[in-house]
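Before any comments, here is the structure.
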2 protein chains.
Amino acid sequence: MRWDELEEEPCSMARTIGVIGDRWTLLILRECFLRTRRFEGFQSALGITRHLLAERLKKLVRQGVLRRIPYQESPKRHEYILTQKGLDLYPIMMAIVHWGDTHMVDERGRPLLHQHRKCGKNFDPVMVCSECGEPLSAKEVHTHPGPGARTTPAIKAPEKPKAKARRSAA
Amino acid sequence: MRWDELEEEPCSMARTIGVIGDRWTLLILRECFLRTRRFEGFQSALGITRHLLAERLKKLVRQGVLRRIPYQESPKRHEYILTQKGLDLYPIMMAIVHWGDTHMVDERGRPLLHQHRKCGKNFDPVMVCSECGEPLSAKEVHTHPGPGARTTPAIKAPEKPKAKARRSAA
DNA sequence: CCCTTACAGTTCTAAAAACGAACTGTCAAA
DNA sequence: TTTGACAGTTCGTTTTTAGAACTGTAAGGG
């Protein structure tokens with residue numbers, strides 16, 4: 001399975017990973033949600049090499065996660081803002097932050113707090129069932145093939161390698 | 001910012017990315033939630049090279065996401081199962097799957113459906129505020145420094161790059 | 001006018017990571 | 001004795017990433 005194949009996999013997780021599943025992309029997205037919009041902003045916030053940054057931004061634009069919008073004409077300059085598709089990544093980001101808040105903080109506590117404008121309180125994100133509203137955990141969920149399934153989800157048929165492997169090459 | 005520095009960053013997202021923020025790790029974790037436990041199982045499901053698989057599993061064990069448990073003695077064999085810390089990654093996985101279900105499906109529809117045992121229905125995961133129970137979106141959340149913050153969250157002071165004294169010989 | 005800075009990239013080489021295939025070792029069954 | 005399942009390890013090649021310098025436009029200062 002190579003990376004360009006990932007987006008063809010019959011698995012929503014594999015496809016998503018094909019889009020955002022690398023370290024710099026995730027970090028770039030974090031910056032987007034913290035309102036960074038410009039090349040230099042990303043670069044200095046992250047310390048990513050300019051080369052990779054340019055490449056990742058291009059990829060995110062191609063995939064419709066970011067939109068590249070001109071903000072001045074003279075020397076043409078653009079900024080990168082989240083599309084709706086990009087904004088929809090928010091639950092992923094929050095879930096990641098929350099896991100870190102739970103399992104990776106040091107003595108000093110959380111680096112960042114999140115306040116919900118609607119209720120005014122600092123909160124944690126909780127994932128619930130869209131149908132009954134109850135919080136979800138892995139054990140309460142049963143997974144089964146949907147219309148887009150191919151075989152057993154994402155598990156290849158066990159190809160037999162017919163190697164006689166007894167060669168001493170040297 | 002190098003990868004070993006990532007886990008020291010005052011940002012729960014960066015730290016989490018240091019643990020699970022690469023493509024194979026995420027895919028390995030998907031398999032874990034689909035009940036794969038053994039080396040060969042991961043290898044044949046994912047097509048990952050055995051070398052990398054061994055390394056990633058080791059890292060996940062080191063980080064307390066998986067536990068390595070013997071299941072037979074004669075030739076010593078172990079299986080890898082999720083710890084509670086690992087199980088707590090479930091919301092991240094579900095958020096990733098859900099984004100894929102929303103934005104990356106083809107004409108045939110979702111590869112996988114999720115049924116909530118408690119209510120018996122197929123569901124989508126929804127992220128809500130722990131305090132008021134309302135669904136969350138990026139625009140309704142205000143972020144501010146917590147006790148573990150260093151400066152502006154995750155954004156480095158704008159160091160004037162005069163000379164990058166990283167490894168220069170003087 | 002010339003020099004410097006800000007910005008948004010691109011280009012190049014070296015170093016690190018991933019790939020692919022074979023190899024090691026234990027044990028059970030054929 | 002040979003084969004197969006399992007769980008890795010080793011090694012040479014290819015791909016990515018890091019790191020630094022370079023390109024090009026334009027504004028501001030002297």
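First the proteins, then the strands, lettered A, B, ... as listed; each starts at 1. For the numbers below, each heavy atom of this structure counts, side chains included, while hydrogens, waters and symmetry mates do not.
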* **Among C/dC27, D/dA7, D/dA27, the one nearest B/P75 by side-chain distance** =>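 The nucleotide sitting nearest to the side chain is C/dC27.
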
* Asked: Nearest to the side chain of A/E40 - C/dA8, D/dA27, D/dA7?
  ->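 Of the candidates, C/dA8 comes closest.
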
Distance check needed: [N] [atom2] versus [X] [atom1], whole Å only.
X     : N      : atom1 : atom2 : value
B/F42 : D/dC6  : CZ    : P     : 14 Å
A/Y80 : C/dA8  : OH    : P     : 8 Å
B/L57 : D/dT9  : CG    : C1'   : 14 Å
B/Q72 : C/dG25 : CD    : C1'   : 14 Å
B/L53 : D/dA7  : CG    : C1'   : 10 Å
A/R68 : C/dC7  : CZ    : P     : 16 Å
A/Q43 : C/dC7  : CD    : C1'   : 11 Å
B/H78 : C/dC27 : NE2   : P     : 14 Å

* Under 3.5 Å, is there a donor-acceptor pair between the B/R37 and B/Y80 side chains? ->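 No.
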
* For C/dA8, does either OP1 or OP2 sit under 4.0 Å from a side-chain N or O belonging to A/K58? ->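 So the side chain of A/K58 is outside the cut-off, no N or O lying under 4.0 Å from OP1 or OP2 of C/dA8.
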
* **Under 4.0 angstrom between A/R77 side-chain N/O and D/dA27 OP1 or OP2** =>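 Indeed not, no polar side-chain atom of A/R77 lies that close.
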
Could you tell me whether a side-chain N or O of [X] sits under 3.5 Å from a main-chain N or O of [Y], the two making a donor and an acceptor?
X     : Y     : answer
B/T83 : B/V65 : yes
A/Q72 : A/P75 : yes
A/R15 : A/E9  : yes

* Asked: Relative to each other, are the rings of B/H142 and B/H144 parallel, tilted or perpendicular (30° and 60° limits)?
  ->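 Taking B/H144 first and then B/H142, their aromatic rings lie parallel (interplane angle under 30°).
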
* Asked: Honestly, is A/R38 close enough over A/Y71, meaning NZ or CZ under 6.0 Å from the six-membered ring centre and within 45° of the axis?
  ->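 Yes, A/R38 and A/Y71 form such a contact.
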
Dump the pairs, protein N or O against N or O of nucleotides 18-21 of chain C, anything under 3.5 Å, distances to one decimal.
residue: C/dA18; atom: OP1; partner: B/R56; partner atom: NH2; Å: 2.6
residue: C/dC19; atom: OP1; partner: B/W24; partner atom: NE1; Å: 3.3
residue: C/dC19; atom: OP2; partner: B/W24; partner atom: NE1; Å: 3.1

* Asked: Salt-bridged, B/D124 to B/R110, with N to O below 4.0 Å?
  ->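 A salt bridge is present here (some side-chain N lies under 4.0 Å from a carboxylate O).
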
